[in-house]
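None of these values were measured; they are calculated from a predicted model. Position 1 is the first residue of the sequence, and the numbers go up from there.
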Amino acid sequence: LRPYRQPDRNQAAVIFFHMKMLGITEKELALMAGVSATMIRWVFYGTRTSGRVSKIVATALGYSNWNELVVSIKGFAA
């Protein structure tokens, strides 16, 4: 069994805000990554991790990698 991770609602809210501003949908990101929209949401909330999905999301939002995105949201690395 995987350990339960508490969802990070603030992180997800900021990512959804960036997506809205850029006109990107979860479905578009899911198609780019070849995963479900649910998996995209899990990565946003931090309840699941995927290096490939994280990189695609970060790149689509204009960041070079996931850590850069998280630092811009939280002010420190994940």
Task: Criterion side chain to side chain contact (heavy atoms under 4.5 Å, CB included) on Y45 and D8, from CA distance to verdict - done: CA-CA 5 Å; Y45 283 100; D8 187 339; 5.8 Å; no
Task: Chi angles and distances behind the side chain to side chain contact (heavy atoms under 4.5 Å, CB included) call for F44, V57 - done: CA-CA 9 Å; F44 287 179; V57 170; 3.6 Å; yes
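- Considering all non-hydrogen atoms of both residues, S54 and V43 come closest at OG-CG1, 3.7 Å.
- Although no hydrogens or angles enter the test, the distance criterion places no donor-acceptor pair under 3.5 Å between the side chain of K20 and the main chain of I15.
- For the atom pair CD1 of I73 and CZ of F17, the computed distance is 11.5 Å after rounding to the nearest 0.5 Å.
- Under the side chain to side chain contact (heavy atoms under 4.5 Å, CB included) criterion, A13 pairs with no residue at all, not counting sequence neighbours.
- In the hydrophobic clustering of ILVMFWY residues, with side-chain heavy atoms under 4.5 Å counting as a link, L22 and F16 come out together.
- Under the 3.5 Å distance criterion, the side-chain polar atoms of Q11 are left unmatched by any main-chain donor or acceptor of V70.
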Going by atom type alone, with no hydrogens or angles, which donor-acceptor pairs under 3.5 Å involve a side-chain atom of residues 25-41 and a protein atom two or more places apart or on another chain?
from, atom 1, to, atom 2, distance (Å)
T25, OG1, E28, N, 3.1
E26, OE1, R41, NE, 2.6
E28, OE1, T25, N, 2.9
S36, OG, T38, N, 3.4
S36, OG, M39, N, 3.1

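- Contact of the K55 side chain with the Y63 side chain is not registered, since no non-hydrogen atoms from C-beta on lie closer than 4.5 Å.
- Under the 3.5 Å distance criterion, the side-chain polar atoms of T59 are left unmatched by any main-chain donor or acceptor of I56.
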